[in-house]
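Along the sequence shown, the residues carry numbers beginning at 1.
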Amino acid sequence: MGTIDRLVRTMLAILVGILYFLNLISGTTAIILGALAVIFLLTSLISTCPLYMPFGLSTRKQK
């Protein structure tokens, strides 16, 4: 996973957290977006996305 991909995922997760704590999202929407935010953070921290592997995708720069 490339740096930009990791940064975008982290920023989206932070945005969802902010929206939740400002009570702009709630209920089912908050649960679904919260779950996605956790997944985005985890994949960003481990620098790999399990969905990229079966499709042979990569956002890393080629050397």
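- Looking at Leu33, Ile32, Ile18 one by one, the single match for side chain to side chain contact (heavy atoms under 4.5 Å, CB included) with Ile25 turns out to be Leu33.
- Residues Val16 and Leu36 fail the side-chain proximity criterion, which asks for heavy atoms closer than 4.5 Å.
- Cluster annotation: Ile14 and Leu22 are assigned to the same hydrophobic cluster (Ile/Leu/Val/Met/Phe/Trp/Tyr, side-chain heavy-atom contacts under 4.5 Å, transitive).
- Under a hydrophobic-cluster definition in which Ile, Leu, Val, Met, Phe, Trp and Tyr are linked whenever side-chain heavy atoms come within less than 4.5 Å, directly or via other members, Phe40 and Val8 are assigned to the same cluster.
- Pairs engaging residues 38-47 under the side chain to side chain donor-acceptor pair (under 3.5 Å) rule: Arg6-Ser47, Arg9-Thr43, Thr10-Ser44 [sequence neighbours left out].
- No more than 12 heavy atoms of other residues, nucleotides or ligands sit less than 6.0 Å from atom CD1 of Ile4.
- Through direct or indirect side-chain contacts shorter than 4.5 Å among Ile, Leu, Val, Met, Phe, Trp and Tyr, Ile39 is connected to no other residue.
- With values rounded to the nearest 0.5 angstrom, Thr29 atom OG1 is found 12.5 Å from Tyr20 atom OH.
- The other members of the hydrophobic cluster of Val38, by chain and number, are Leu42 (side-chain heavy atoms under 4.5 Å, ILVMFWY only).
- Summarising the geometry of Ala37 relative to Ala13, their closest heavy-atom pair is O-CB, 3.5 Å, with the distance given to 0.1 Å.
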